[in-house]
Amino acid sequence: MIGERTNITGSARFRRLIEGGDFQAALDVALEQVRGGANLLDVNMDADLLDGERAMTTFLNLVATEPEVARIPIVIDSSRWSVLEAGLRCVQGKGAVNSLSLKEGEEAFLEQARTVRRYGAGVVVMAFDEEGQAETAERKVAICERAYRLLVEQVGFPPEDLIFDPNVLAVATGIEEHRGFAKAFLEALPLIKDRCPGARTSGGISNLSFSFRGNDAVREAMHSSFLFHAIRAGLDMGIVNAGQLVVYEDIEPDLLERVEDVIFDRRPDATERLVEYASRVRGEATKREVDLSWREAPVEKRLEHALVHGIVDFIEEDTEEARQRADRPLDVIEGPLMSGMQVVGDLFGAGKMFLPQVVKSARAMKRAVAYLEPYMEAEQAAGGGAPRARGKAVLATVKGDVHDIGKNIVGVVLGCNDYDVVDLGVMVPAERILDVAVEEEADVVGLSGLITPSLDQMVDVAREMERRGMDLPLLIGGATTSRQHTAVRIAPAYSQPVVHVLDASRVVRVVSDLLDAERRARLDVENRADQNRLRDLHAEKERKPLLPLARARENRQRVSFDDLSVPEFTGRRLVEPDLATLREYVDWQFFFHAWELKGKFPAILEQPVARDLFDDAQRLLDEIVSDELLQARGVYGFWPARADGDDVVLADGMRFCFLRQQSDYGDSRPNRSLADYVAPAGDHLGAFAVTAGIGAEELAARFTAEHDDYHAIMVKALADRLAEAFAEYVHEVARRAWYETGPKLPSEQLIAERFRGIRPAFGYPACPDHSEKSKLFALLGAEEAGLALTETYAMTPAASVSGIYLAHPEARYFSVGRIARDQVEDYAARKGVSLAGAERSLRPNLAYEPVEDEPEVKVVSASSGS
């Protein structure tokens with residue numbers, strides 16, 4: 001989804017902020033879009049009295065300072081070429097231009113396209129030519145095909161850098177000629193994908209409902225229905241308000257029928273019927289009642305209903321009734337239970353069911369199977385058979401890592417689709433993973449990890465699989481993994497298919513394809529082609545020059561240290577807040593992300609599936625708080641410190657080593673290091689380490705033993721949220737003990753981080769070396785608070801957060817990005833480690849390929865610079 005609210009022609013709020021010069025608040029709009037589920041951002045500065053070039057430049061430079069926004073691609077949107085080019089000069093990474101068209105003829109089109117190509121950006125091409133905007137499917141396809149040939153054959157664009165927008169036009173306007181606009185768009189999509197191989201498609205979804213401005217209920221239903229059918233027809237991207245999409249399955253049936261009558265032009269009075277409905281729905285709330293009429297159906301249908309809706313109240317009763325009717329208990333599993341789970345799998349694959357619902361379905365299935373197990377064991381003892389699975393997967397969180405929520409969800413989803421899952425848990429060495437895969441005769445191996453050192457562990461597993469001559473497909477997943485890293489680092493180490501799986505919703509299709517010989521061959525060819533492309537892109541990116549470290553230091557961020565605050569105390573303090581206090585600091589946005597639900601909190605609660613999930617979470621959290629099922633414990637403190645080049649040194653000599661950006665921006669942006677925000681003549685540094693996960697593993701295990709993966713996963717998701725809330729709470733305590741006065745900030749301002757100072761965490765973009773956590777834990781005495789580090793610096797318990805506090809009012813989060821060998825050598829000397837050791841710690845940031853198996857030579861003399 002392409003977030004549309006950073007477009008001043010589409011958002012009155014964004015326009016008001018930009019025209020008022022409040023770019024920082026405008027950045028918050030971008031942040032809201034990203035947190036609402038946007039995968040790209042459409043930025044448009046076209047207004048009559050606005051200096052579009054200046055506004056585009058200012059805003060995009062500011063975007064680069066906000067890591068959460070800067071990580072996603074920017075779509076530079078303007079009808080003026082000068083504004084587009086201004087955006088191209090600023091945007092980091094690979095962006096796209098929105099848009100070019102053939103309306104001024106081929107010569108102008110090709111000239112602009114060649115310029116975009118030189119900047120390395122992709123391009124959105126509108127279905128518009130010298131004759132005007134395409135309205136019919138035939139014209140849309142013809143224009144896109146013509147533009148494709150010109151761009152690929154004459155300009156040299158890779159097809160995957162092309163995005164065609166066949167024009168989403170308003171329907172239900174009352175004008176007869178407009179009736180077929182939505183249908184024409186849908187009909188054009190598959191034809192464009194067929195005739196323009198490799199290209200992507202996009203559309204401005206909100207244009208469709210222009211006639212219903214002011215009626216959000218109808219507009220959101222129109223957008224969701226249209227998106228649902230457009231995605232099936234081949235739509236890859238849609239410009240839409242990501243936080244305001246109703247779930248397709250939740251659209252009221254009468255409204256859905258009328259909306260789709262309009263979209264597909266199914267009846268002559270479709271517009272009139274939708275307008276009549278729209279006049280009745282303003283402000284109406286959805287009524288929710290418990291309906292038990294399904295209990296009157298035959299037992300097979302009751303079991304299917306229970307599985308689809310995750311209802312466990314009657315599962316044993318219905319399973320027993322089915323068992324008594326069946327010849328064998330196995331027949332109940334392979335009959336009504338698997339039929340029900342097939343429905344679940346189909347609905348999930350079609351986007352009509354969501355992850356929390358699937359996990360609830362798994363809970364119902366496990367309860368039913370657990371009820372049948374004693375009967376099957378008795379049958380097996382008498383010579384009967386066992387259930388047959390579609391395939392077997394061995395899953396593990398790699399050595400040194402303790403995070404497993406995503407892996408557990410993947411296991412549940414595979415189990416729901418009749419795969420046998422062997423989950424080895426966390427911190428599993430490569431040898432054990434592969435030994436079990438052989439012993440269990442697995443069909444696929446899946447690796448998960450959260451921290452960046454886990455990426456190296458995954459490479460080690462791939463190398464070991466190659467050494468052993470294994471032929472099992474390898475699946476890669478986890479928050480720090482990516483398609484590019486998988487392509488560049490992991491896939492080259494193993495000759496069999498290595499597939500990055502973005503989320504649980506895609507794993508079933510991938511595994512199913514890999515276990516079918518014909519589909520495996522096709523997937524392997526497509527996957528290898530995509531990985532070759534990603535390796536080429538990575539190599540091109542690596543060729544971009546970096547500044548020598550000395551020049552980057554000369555271009556440091558220079559801030560004033562005239563007014564330094566002094567904390568109330570120095571040293572460390574233990575803190576153990578009650579969970580009821582931390583509950584008030586929870587940011588629920590990322591709770592829904594863990595369950596793969598997109599939307600902004602609290603608006604997301606308008607989706608019934610999100611509301612059900614939230615209600616379940618509140619009930620469990622009530623129990624956790626009242627019964628003290630989890631414990632929160634942490635430590636924080638302040639120490640006299642000073643900056644020494646790119647390091648921060650404490651009074652006792654402990655040295656925290658930081659990195660500096662080396663990108664050659666070609667403009668006024670500084671090359672930042674976190675050390676820039678600490679005064680060389682004397683200052684203070686804060687630090688913290690907190691956990692809310694004490695007891696989480698035991699509580700989750702209790703639910704797992706009860707065949708309740710839903711609540712087992714919920715426990716860990718809530719513990720993560722409480723840990724982040726703990727970090728927020730302690731940061732507030734620390735700010736008040738150091739430099740913050742005045743009234744307490746409301747929770748929404750805390751969540752939006754509208755306060756002075758930052759709390760960067762080791763392993764994250766501004767200080768990506770996880771190994772510095774060992775110094776942090778020693779400084780804090782974190783073990784006394786119940787925290788520890790694994791050999792690869794993952795924190796235990798898993799629901800833990802740590803970092804440092806920087807108080808300077810100009811301190812900002814940023815990404816170090818790529819670094820050159822001169823800085824790595826300097827960094828190794830400052831840390832007192834070997835070059836090879838530093839390279840291992842900084843592997844994702846290296847702008848060069850380190851020498852494999854380089855001797856462990858410690859660099860002993862280099863200056864941090866000034």
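Atoms considered below: every heavy atom in the structure, side chains included; atoms not considered: hydrogens, waters and symmetry mates.
How far OH of Y371 is from CD of E316: 8.0 Å, rounded to the nearest 0.5 Å.
Contacts classified as ring-ring contact (aromatic ring centres under 6.0 Å, His included) and involving residues 715-735 (residues at least two apart or in different chains) are given here: Y585-Y729, H731-F755, H731-Y805. Residue pairs meeting the ring-ring contact (aromatic ring centres under 6.0 Å, His included) criterion with at least one partner in residues 603-632, sequence neighbours excluded, are W588-F614, F601-F614.
In terms of modelled atom types and a separation under 3.5 Å, the side chain of T790 and the main chain of A794 share a donor-acceptor contact. Under a 3.5 Å cut-off, the side chain of D708 and the backbone N or O of H711 do form a donor-acceptor pair. Not a single donor-acceptor pair under 3.5 Å links the side chain of T691 to the backbone N or O of P797.
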Checking side-chain contact (heavy atoms from CB on, under 4.5 Å) for the pair S774/E772: CA distance, chi angles, key distance, verdict? CA-CA 5 Å; S774 60; E772 289 290 291; over 6 Å; no

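With no hydrogens or angles considered, no side-chain donor-acceptor pair links S454 and K399 at under 3.5 Å. Side-chain contact of H500 with S482: a donor-acceptor pair under 3.5 Å is absent, judged by distance alone. In the model, Y827 has a side-chain atom that pairs as donor or acceptor with a side-chain atom of D769 under 3.5 Å. Between the side chains of T581 and D578, at least one donor N or O sits under 3.5 Å from an acceptor N or O. Q589 and R721 share no donor-acceptor pair across their side chains, judged by distance under 3.5 Å alone. Inspection of the D616 and Y710 side chains reveals an N or O donor paired with an N or O acceptor under 3.5 Å.
In this view, K366 and H707, D709 satisfy the side chain to side chain contact (heavy atoms under 4.5 Å, CB included) rule, not counting sequence neighbours. Not counting sequence neighbours, the partners of Y764 by the side chain to side chain contact (heavy atoms under 4.5 Å, CB included) test are A761. For D456, the side chain to side chain contact (heavy atoms under 4.5 Å, CB included) partners are R843, not counting sequence neighbours.
Using the six-membered ring where Trp is involved, F762 and F656 have ring planes that are parallel, under 30° apart on the 30 and 60° scheme.
Electrostatic pairing of D404 and K716 counts as a salt bridge here, judged by a charged N lying under 4.0 Å from a carboxylate O. Salt-bridge formation is not detected for the pair R812/D676: no Lys NZ or Arg NE/NH1/NH2 atom is positioned less than 4.0 Å from an Asp or Glu carboxylate oxygen.
L621 is listed as a side-chain neighbour of L722, based on a closest heavy-atom distance under 4.5 Å. V308 is not listed as a side-chain neighbour of Q357, based on a closest heavy-atom distance of 4.5 Å or more.
Minimum interatomic distance between A798 and D720 (heavy atoms only, all atoms of both residues): O-OD1, 4.3 Å.
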For residues 628-642, tabulate all N or O donor-acceptor pairs below 3.5 Å that involve a side-chain atom, not counting sequence neighbours.
none

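The side-chain tip of R573 points at the ring of F569 from less than 6.0 angstrom away and within 45° of straight on.
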